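A short write-up of the structure that comes next.
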Amino acid sequence: MRTDYCGRLSSDDIGRTVTVCGWVSKRREHGEHLAFVDLRDRTGIVQCVVDHAHDIRSEYVLAVTGTVRERPPETVNDELATGAIEIGEATVEILSQADPTPFQLSGRVEVDETIRIRHRYLDLRTDRMQRNLRSRALVNSAIRRAMDAQEFVEIETPMLIASTPEGARDFVVPSRLNPGSFYALPQSPQLFKQLCMVGGIDRYYQIARCMRDEDLRADRQFEFSQLDMEMSFVDGPDVRSVVSQAVGEATEAITGQKPKDIPEISWREAMNRYGSDKPDTRFGLELVDVTDVFSETDFNAFKAPCIKGIKVESGSDIGRNQLDQLTDKAKTWGAKGLVWIKVGASGEVTSPVAKFMSETEIGDLLEKLNAVDGDICYLIADDWKRAVHVLGLLRLELGKPPVNEGGLHFLWVIDFPLFEDIDDAGNPVPAHHPFTMPHPDDLELLETADKDPSVLLDVRSQAYDLVLNGWELGSGSVRIHRRDIQQQIFDLLGINEDESQKKFGFLMDAFRYGAPPHAGFAFGIDRLVALLVGEENIREVIAFPKSQSGTDPLTEAPTPIDAKQLDELGLRLLPPVN
RNA sequence: GGUCCCGUGGUGAAGUCUGGAGUUCACGCCGGCCUGUCAAGCCGGAGGUCGCGGGUUCAAAUCCCGUCGGGACCGCCA
């Protein structure tokens, strides 16, 4: 049907008779016997000169046949890749007509995203979506190349699996053959990839679809894709090296440049310096500990276990209104308050709480924060966890650059704590999943936990996250491959033997028969691609995404199902709750 | 569970704070003119339940209450 793609025609083709197919991007009519039709396919646009084009409208699908010729010099279009040539004396076959589109595809005006998604088949024709989806495909193939080159085996794991109550909320699928029982859709192939290691696969990977029924965000959809991998007889650095390689090749495939070696930072240091376990290291504004300065303060609000501050250079021209808004935000983030101190020319300060601080305290504070004339300091006093958390959010609020500025700052965050908290029942809450190997140096801390559970919070794990520009790309860990340690962890988590046998019995059983030491990782493809192409929302790199409320504007999913389907599945609906 | 922002012809915005005739701008659409445009140009035209419901008022896009939809974030996401 066609001899060439629109965007690939060039001066080399002058004189050839060609047929191109595509959509009418634009028609410019100059009278009955001269019109220019810009024809678009996936490769780009070419101008066709048509004798009579009155019946041709935008987005009609055409096959255009004509002779490639040089444009008159004064009409060359430098903006267009094919701008030096045109298809002359073109004859047009209309393959398909088109109604006026519900929004313009030119990209000249921003279009409401719901409208774009409702008509995604049109939106996909735009340069932006064509580029994003092609970039995503390039990332996928680069990752596959990298993994294949390192002798990983691609293995598919089941989509219909057993539900486990840990972690995120499961999507569940009722079983017709076993009424009253349900499958869960995988939140990740975690257990299966560990079974692959027991099975001697040695190196497994998969570009896996995962589902989690949690609230949606700019960087979270119900469904997402991960590069999921697992290796035997390796340690954390080995895994990080392989992942760095794959991510590096994916980055190079899009940007043309291989990223530098990825720095590593401990979780503790990340929290202290950035107030986040996924720090955006494109900019400074680091947190400074000033607890010592106020160790003997009379200021009641600062009689706290931890006081952290950040300094904004030349930030003192901020107005009272904005400061009040920042304070309100800090409170919604969990702070009791937010203290700000503006620094004047000769070191004098302006602050609602200056009168509660001694001159020594103010002097030491400014010195620690290295604050000078025109700067403003923000301080949070609280327990360590809350202080760094709130100040970390404030740091982003004050300094986070736009998505496509500041370059790509990859970062490994290592030495995560094994437990993030102790729950009301006195059981530790795992920070990662319960198969994460504790740090070898901290194993003895586990033994002493009977006497003092709080030491558990100091136990490090062999878990690590990969972070890019403040987004958690993914996480992984060295796994527990010994039943005794695994049972010890289950005991600590308050999961008794019955329960662990019921939930993870197949894994525990597998470990009876010779489990190799193994470790793995998974990172989100959607997030990686979004950041690589400079999109601040992963919906822009997903062909058919869902809205924040989990509905699909295109298909209207989710929808009720009819009584017959419910009957078959042995389900009955409760009356709607009002 | 919570906080904040948005909703005005097909699209995007202004108008809302400070109530006074559906007013304006750009794009698109329809018709006409037009033989070198490429954001073509010129002339003309059509197109509206100001998300929805209620209230206040002589009068509501505008003020108040509720509700729906979209988005950003906190919680949540082992």
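Everything numeric in this text was worked out from a predicted model, so none of it was measured.
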Completion exercise
Residue set satisfying side-chain hydrogen bond (donor to acceptor under 3.5 Å, both in side chains) with D38(A), at least two apart, ordered chain then number -> R28(A)

Exercise for the section: Have a look at Q325(A) and say if it touches a base, only the backbone sugar-phosphate, or nothing, with a 4.0 Å heavy-atom cut-off. Expected result: nothing

Exercise for the section: Tell me, please, which residues at least two apart from F506(A) pass ring-ring contact (aromatic ring centres under 6.0 Å, His included). Expected result: none

Fill in the blank from the handout: A168(A) has its side chain closest, among U11(B), C77(B), C74(B), to C77(B)

Exercise for the section: Anything under 30° is parallel, anything over 60° is perpendicular, the rest tilted; go ahead and classify Y121(A) against H119(A). Expected result: perpendicular

Exercise for the section: Determine the Euclidean distance between corresponding C1' atoms of G54(B) and G12(B); express it in Å to zero decimal places. Expected result: 31 Å

Handout entry: Proximity to RNA chain B (any heavy atom under 4.0 Å), residues of residues 548-559 of chain A only
Key = Q548(A), S549(A), T551(A)

Distances for protein N or O near nucleotides 33-35 of chain B N or O, under 3.5 Å:
unit_1, atom_1, unit_2, atom_2, d
C34(B), N3, E29(A), O, 3.4
C34(B), N3, G31(A), N, 3.2
U35(B), OP2, H30(A), O, 3.3

Problem - Proximity of W412(A) and F521(A) rings by center, below 6.0 Å - result: yes

Completion exercise
For H52(A), the ring-ring contact (aromatic ring centres under 6.0 Å, His included) test, sequence neighbours excluded, returns none

N/O donor to acceptor pairs below 3.5 angstrom from side-chain atoms of residues 96-106 of chain A, sequence neighbours left out:
unit_1, atom_1, unit_2, atom_2, d
T101(A), OG1, F103(A), O, 2.7
S106(A), OG, R108(A), N, 3.1

Exercise for the section: Can you tell me which residue pairs pass the side chain to side chain donor-acceptor pair (under 3.5 Å) test with a partner in residues 68-80 of chain A, sequence neighbours excluded? Expected result: R69(A)-E86(A)

Problem - F36(A)-U37(B) aromatic stacking (under 5.5 Å, under 30°) - result: yes

Practice task
With sequence neighbours left out, write down each residue that passes ring-ring contact (aromatic ring centres under 6.0 Å, His included) with H481(A), or none if nothing qualifies.
Solution key: none

Practice task
Can you figure out which of C38(B), C74(B), U11(B) approaches the side chain of R217(A) most closely?
Solution key: C74(B)

Filtered N/O pairs between nucleotides 26-28 of chain B and protein, under 3.5 Å:
unit_1, atom_1, unit_2, atom_2, d
C27(B), O2', Q104(A), OE1, 3.1
C27(B), O2', Q104(A), NE2, 2.2
C27(B), O2, Q104(A), OE1, 2.9
G28(B), OP1, K26(A), NZ, 3.2
G28(B), O4', Q104(A), OE1, 3.3

Problem - ring-ring contact (aromatic ring centres under 6.0 Å, His included) partners for Y60(A), two or more places apart - result: none

Practice task
Applying side-chain hydrogen bond (donor to acceptor under 3.5 Å, both in side chains), name anything that partners T126(A), two or more places apart in sequence or on another chain.
Solution key: none

Handout entry: No-H, no-angle donor-acceptor pair, D215(A) side chain to G75(B) base, under 3.5 Å
Key = yes

Exercise for the section: Check every strand shown and say whether R539(A) touches a base, only sugar-phosphate, or nothing at a heavy-atom separation below 4.0 Å. Expected result: sugar-phosphate

Exercise for the section: Using the six-membered ring wherever Trp is involved, compare the ring planes of W267(A) and F416(A) and label them parallel, tilted or perpendicular (cut-offs 30° and 60°). Expected result: tilted

Exercise for the section: Please figure out whether V429(A) or P72(A) has its closest RNA chain B nucleotide nearer the 5' end. Expected result: P72(A)

Practice task
Using a strict 4.0 Å threshold on nitrogen-to-oxygen distance, state whether R282(A) and D280(A) make a salt bridge.
Solution key: yes

Handout entry: Cation-pi, F224(A) ring and R212(A) (6.0 angstrom, 45 degrees)
Key = no

Handout entry: NZ or CZ of R395(A) within 45° of F283(A) ring axis and under 6.0 Å
Key = yes

Practice task
Determine whether the aromatic ring centres of Y204(A) and F192(A) lie less than 6.0 Å apart.
Solution key: no

Handout entry: Under-3.5 Å donor-acceptor pair between R69(A) side chain and G36(B) base
Key = yes

Problem - Whole-angstrom distance between U8(B) and A14(B), as gauged at atom C1' - result: 10 Å

Practice task
Could you measure between the two P atoms, the one in C17(B) and the one in C5(B), and give it in whole Å?
Solution key: 16 Å

Handout entry: Polar pair under 3.5 Å, donor/acceptor by atom type, side chain E110(A), base U11(B)
Key = no

Exercise for the section: Measure from the side chain of R220(A), starting at C-beta and using heavy atoms only, and say which of C76(B), C38(B), A72(B) lies closest. Expected result: C76(B)

Exercise for the section: Using the P atom on both, measure G71(B) against C33(B) and round to a whole Å. Expected result: 46 Å

Completion exercise
Of P102(A) and G167(A), the one whose closest nucleotide on RNA chain B sits nearer the 5' end is P102(A)

Handout entry: Rounded C1' spacing from C50(B) to U24(B) in Å
Key = 14 Å

Practice task
May I ask you to say what R57(A) touches in the nucleic acid, namely base, sugar-phosphate or nothing, with a heavy-atom cut-off under 4.0 Å?
Solution key: sugar-phosphate

Listing time: all N or O pairs from protein to nucleotides 14-16 of chain B that are below 3.5 Å?
none

